[in-house]
Each structure stands twice: as C-alpha cells, then as structure tokens.
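Structure record follows, encoded as structure tokens.
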Number of protein chains: 2
Amino acid sequence: MNGWEGIRAEVLRRIRARDWPPGALIPGEEALAEEFGVARATVNRALTALAEAGVIERKKRAGTRVAELPVRRARLEIPVIRLDVLGRGLAYDFKLLSDRLTPAPVPVTARLGLAEAQSLRYLETLHLAGGRPFVLETRWLNPAVLPTPAPDFAKVSANEWLVTHVSLVSGDIAFTAEPASPREAEVMGVAPGTALLVAERTTHGTGGPVTWVRLAHAPGHRVQMVF
Amino acid sequence: MNGWEGIRAEVLRRIRARDWPPGALIPGEEALAEEFGVARATVNRALTALAEAGVIERKKRAGTRVAELPVRRARLEIPVIRLDVLGRGLAYDFKLLSDRLTPAPVPVTARLGLAEAQSLRYLETLHLAGGRPFVLETRWLNPAVLPTPAPDFAKVSANEWLVTHVSLVSGDIAFTAEPASPREAEVMGVAPGTALLVAERTTHGTGGPVTWVRLAHAPGHRVQMVF
DNA sequence: CTTGGCATTATGTCTAGACATATTAGCCAA
DNA sequence: TTGGCTAATATGTCTAGACATAATGCCAAG
C-alpha cells in the first residue's frame, strides 16, 4: 500500500489498534512525513481525507486528535424514482393524479419561506413499479422556478424534470413512519392506518425556494444506506 | 472568492448556468489553470471536490464531464442515542430489559455471516427521553468481540459501549416503517399496529461480524438529513 | 486579577514541475 | 473486417518549498 491512501490506512490502523486512543493528539504532519518518508503534502492529503470521514479532528495550532466519539456518517444516494424502480428490475410507470394551482397550506409555505397563502402548483403523482403502487408523491412547487411554457408533468414526472432542469442548491430530507391516510390507502390500495415510510423533502435553489415534497412509500419499502 | 473553493464555486456556477450542460466535456485542468491564473494542482483540488460531490465525472484520458443525472447525496450523522436525546433537551435514561446468551434466529446469523444457530448475546434495551419511551433497541451481539470480563450493559448502554470500544469498519443501515408488534406496543406504551420508524443496522469490525441491531422509534420520530 | 496584544506553531493552501496510470484513438497486420 | 499494439493525452499523485491563517499560551500593562 503506497501513496496517500497507504498513509491513510496506516493511520487508521493505529487509531483502531488504540496506539492512538480517542482524544489523543497524534504526531504533526511534519513528523509523520518524515516517518513515512514522504512530503508533508502527502500526509496532509491522507489526514484531510480522515478528517472528512470524521475519524480525526484537526485544528490549526492545536494539532490533530483522534475523535472522541467517532460520529458515524452514512451516505444516502437519492435516485430519481424511475431509476430506483428500474434498478429493482421492475417496469416503471407513473400517473399524474392531480395538477392545479392552489393556495398552499401554511406549513408548506412556512417551510419554504414563502408568503402565507401563496398559490403554488400542486402535483399528485403515483409512481408504479411493475404495475403496482410504489410511491405516492405529493408535491408543492413554486411556479416561479418554472419556465414558460411550463413542462407537461403528465409526460415527464416532476421528480425527474426538476433534477435535470432546476439548479438545486440545498435542502433537507426527513424520514418518518406514518399511518396511511384514507386518501393514501385508497390510491395505494392498502388498508387505512397501514404503516408507511414517508420521506419529506424541502429544496431550495439559486432562485429561491423550489419545492416541498412528501413521498409515501408502499408497505415494506426499505431505504438502504451504507457507511 | 479566492483559492480552490473559489474555483469550485465558479465551475459550479457555470454548470448551474448551463454554460456547461449535463453531459458536456469541460476544459481540461491545464486550460482552467491558465484561465484562472493558478497552478494545475489548485484546479485539481477544486475538481476533485466536485467529483466527490457527484457533480462531475472524471476519467483519465477521457476528460471531465458534467454528470447527466446529478445524484443527490444526503449525509446522515448517526449519533449515540444518549447524545441524540440530550441534544433534544430531554433527560436521558435507559433500562436493560433483557440480556442473555441464546441461539440467534437464522435471518440474524445470515446477515452477519455467521454459522446458523450460533449463540449470540441478546440485549433488549429501552431508551428513555424525559422519562418516556424513545427507542426500543433489540440487539444481537457477537460475543467474540467482547473482552473478558464482559462489560455490564446495565451500566453502560451497548449502543454507547460499542462505539467507543470496538473498531467498526463497515456496515449498513436501513429504514422501514412497521406496525408495532404486541411486545413493542407493551414496552413502548402504544397501541399494537402503530406505525413505528424502524432502523436496522448491521455492523462489521476488523475482527469479523459485530452486531445486528433493530431500533424501533417512538411514534412521530423524524430522522433528519441535510444535503 | 484581568485584559490585550504578540509570538509561536500546526494546519491550510498554493506553486512549478515531475512522473504514474488509465484510457482512447488510430494504425497496422492477420 | 477484426484484433491487438502503440502513442497520445487527461487525470492522479507526488515533491520541496513557500506563505497564509487560526489558535494558543505567555507576557505585560492596566
């Protein structure tokens, strides 16, 4: 194992072996560079990677120490729903159930940072996997981000159109478990009250708030992450 | 905006502005270095960061192109439950409900890659926030990773002991929504069938499989991530 | 005793140049 | 036409040295 990845591996090994226990100060870059016989920049590359991974904490002047409670980070890759379905080996299709301009409820405008009672585009899309309900997408979309003429969301799902056409800058996503509402039960063909995995996303772009979306997944859906 | 972060920002701006649309080949590092008046290494730093973020795709000889469908990545920071609770401004406590060595069910041994019917340490821990049930932790723990004498999980929760004492190498986490089982309903004080957010984690360490754990969260729990 | 400023020091970033490596396009031969 | 070799090329990594920046701790002034 050579190069900066080799150094990263060796430093990680020493941390795991508790040569350098949690909280300990590890040797400076200069010292490590000499020990490994490389330039300081190479050690820096390795330590920077470990810091990004949360294994060590670095501060100027204070040095580098092993993280006390190594925060475990898991990465979630959020695919376009179509690709998610195809990736499971199932045929994809979707139905646009609702598309209208209507005053948004306060919780939605509040989360997006818009004026109360502003009219937003409301889209209800049922995504199908192998002909069966997969996800019910309930979306409030800021019409200001749409071009004129607006795209036809019956042809391209809003989910996919947004990814390729709007510059998404930041956002957050939250997962909850909720009982299926009567409407959800009817549309997805499950009993009311069935436990559904729900993802709520808020997205902001360069031109301001973009969309708030709620994805209610079919029973049994798993959101998988690796760390 | 100076330095490699400034270059990253400018490249990102051009991608967002569709100066360089999805799929397009962007100028090589040498060309960009000359344009911005910096060394090639600085451009490389900026582009490496963008590649890690999934915005561009880089291949030797083939050059750098804008990602067609920018995969959105969200990062989940998995805290120790005690800190999660304290971070919500609530008092933390936990009760060890069960602790015994018993043959593990096949799905568990299979996921951990252990022989069937192997005896594992079974721990059932109820985590409390402000005196109310917060998470029911159901854990199967490979006794091979424990020191002798084994720690007293009635004093330190297994959740916390593992983070600080075992070298966790890799693992995965999955979220599902499930109806509360009769046992869960009883322990957590909810009606059977209530929708619970469940996290299942499998963890492997340097010394082999470590633990399989199921965390059933109290109703209303949100797992929040930022991207 | 407290506060402000300053020197110290470890990390952060940058440069100019070099070599390594992967990949591709094109050429040549079977 | 096809298969394989080769040369060209863009990214990946590294070096040695330099300056920038941010904490820290000490010291002096109040």
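Proteins get letters first, then strands, A, B, ... in listed order; numbering begins at 1 in each.
Under 4.0 angstrom from either OP1 or OP2 of D:dT13 there lies no side-chain N or O belonging to B:Asn44. For A:Arg58 and C:dG12, the shortest distance from a side-chain N or O to OP1 or OP2 is below 4.0 Å. Between B:Thr42 and C:dT15 there is a side-chain polar atom (N or O) within less than 4.0 angstrom of OP1 or OP2. Taking 4.0 angstrom as the limit, A:Thr64 places a side-chain polar atom (N or O) nearer than this to OP1 or OP2 of C:dT11.
The backbone N or O of A:Val135 sits nowhere less than 3.5 Å from a side-chain atom of A:His127 that would complete a donor-acceptor pair. With hydrogens and angles ignored, the 3.5 Å screen pairs no side-chain donor or acceptor of B:Thr125 with any backbone N or O of B:Leu96.
The CG atom of A:Asn159 lies 11.0 Å from the CG atom of A:Leu123; values are rounded to the nearest 0.5 Å.
Evaluation of atom-type donor-acceptor distances gives no pair under 3.5 Å for the side chain of A:Arg40 against the base of D:dT15.
Between the P atom of C:dT23 and the CG atom of B:Leu25 lies a distance of 16 Å, rounded to the nearest Å. Taking atom CD of residue A:Glu34 and atom C1' of nucleotide D:dT15, one finds them 15 Å apart after rounding to whole Å. With rounding to whole Å, B:Ile7 atom CD1 is found 8 Å from C:dT15 atom P. Put simply, CD on B:Glu30 is 12 Å from P on C:dA18, counting in whole angstrom units. C:dG12 atom C1' lies 14 Å from atom CG of B:Asn2, rounded to whole Å. At whole-Å resolution of the value, NZ in A:Lys59 and C1' in C:dT9 are 14 Å apart. Rounded to whole angstrom, the span from the CG atom of A:Leu47 across to the P atom of C:dT13 amounts to 13 Å. The CD-C1' distance, from A:Glu57 to C:dA10, rounds to 16 Å in whole Å.
Of the two residues near DNA chain D, A:Trp4 and A:Lys60, the one whose nearest nucleotide lies more 5' is A:Trp4. Where A:Arg61 and B:Glu5 meet DNA chain C, the nucleotide closest to each residue was compared, and A:Arg61 sits on the side nearer the 5' end. Sequence order on DNA chain D of the closest nucleotides to A:Ala62 and B:Pro27 puts B:Pro27 first from the 5' end.
Taking all atoms of both residues into account, the shortest heavy-atom contact from B:Gln118 to B:Thr109 is N-CG2, 4.3 Å.
Proximity note for A:Glu29 (side chain, C-beta onward) versus C:dT11, C:dT15, C:dT24: the nearest is C:dT11.
No side-chain donor-acceptor contact under 3.5 Å links A:Thr176 and B:Arg222.
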